[in-house]
Trainee: 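Got a structure for you, questions after.
Residue numbers count from 1 along this sequence. Order of appearance sets the numbers: ligands from 1, and atoms from 1 within every ligand. Reckoned from all heavy atoms, side chains included, excluding hydrogens, waters and symmetry mates.
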Amino acid sequence: MTNSSRPVAVFDLDNTLADTAHRQRFLEAEPRDWNAFFAAAPQDPPLAEGVALALRSAEECEIVYLTGRPARCRRDTLDWLAAHGLPEGRLYMRANGDRRPARLTKLEILRELADGREVRVLVDDDELVCQDAERAGFTVLRARWAAPSAALKDAQEREGRT
Ligand SMILES: [Mg+2]
């Protein structure tokens with residue numbers, strides 16, 4: 001059972017906690033190879049800054065993971081979180097086949113979480129997600145510790161794929 005009196009700290013996964021650089025080549029291919037991109041996610045190295053922040057946040061907050069990865073990656077993602085010592089927390093993923101931009105799907109979940117709870121912070125590397133969350137009144141911390149990927153960004157915003 002979660003203790004609903006605790007505030008929530010919401011963490012993105014790709015390029016916030018997990019370094020996707022080694023699999024971005026699958027998105028730079030023509031056509032993009034989404035299956036290979038997601039299949040390689042278990043090999044992502046953790047991003048030390050993000051992991052440290054999640055561990056610190058867990059002292060006061062309930063941790064929630066909010067990712068654009070599709071639901072079919074749930075098992076791999078939970079295993080990865082546990083393998084790298086991340087705090088336990090609910091994992092919200094994109095429904096299989098949901099191609100809406102990340103900023104829409106994520107804001108929807110943030111609003112659900114904020115209904116009756118304090119959402120203390122959203123930690124995410126996606127500038128459009130961050131902007132929309134701030135505009136909606138959420139406190140945002142921009143994860144700037146991973147190398148930006150033009151291919152991934154384009155995929156998140158235009159294709160609604162991650
Ligand atoms: Mg991200």
Trainee: Thr20 and Asn15: side-chain donor and acceptor closer than 3.5 Å?
Mentor: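 Yes, Asn15 and Thr20 have a side-chain donor paired with an acceptor closer than 3.5 Å.
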Trainee: Only one of Asp98, Leu110, Thr67 forms a side chain to side chain contact (heavy atoms under 4.5 Å, CB included) with Thr105, so which one is it?
Mentor: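 It is Asp98, the one option of Asp98, Leu110, Thr67 that forms the side chain to side chain contact (heavy atoms under 4.5 Å, CB included) with Thr105.
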Trainee: Would you please classify the geometry between the His84 ring and the Trp80 ring as parallel, tilted or perpendicular, with 30° and 60° separating the classes?
Mentor: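 Ring orientation of Trp80 relative to His84: tilted.
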Trainee: Would you indicate whether Glu118, at its atom CD, is surrounded by more than 12 heavy atoms from other residues, nucleotides or ligands within a distance under 6.0 Å?
Mentor: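 Yes, enclosed.
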Trainee: Decide, counting backbone as well as side-chain atoms, whether Asp14 has an N, O or S atom less than 2.8 Å from the Mg ion (ligand 1).
Mentor: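 Of the N, O and S atoms in Asp14, at least one lies under 2.8 Å from the Mg ion (ligand 1), which means yes.
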Trainee: Counting backbone and side-chain atoms alike, does Asp124 have an N/O/S atom under 2.8 Å from the Mg ion (ligand 1)?
Mentor: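 Asp124 does not place any N, O or S atom closer than 2.8 Å to the Mg ion (ligand 1).
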Trainee: Tell me which N, O or S atom of Asp125 sits nearest to the Mg ion (ligand 1).
Mentor: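 Looking only at N, O and S atoms of Asp125, the one nearest the Mg ion (ligand 1) is named OD1.
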Trainee: Restricting to N, O or S, what is the name of the atom of Asp12 that lies nearest the Mg ion (ligand 1)?
Mentor: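 Checking each N, O and S atom of Asp12, the shortest distance to the Mg ion (ligand 1) belongs to OD2.
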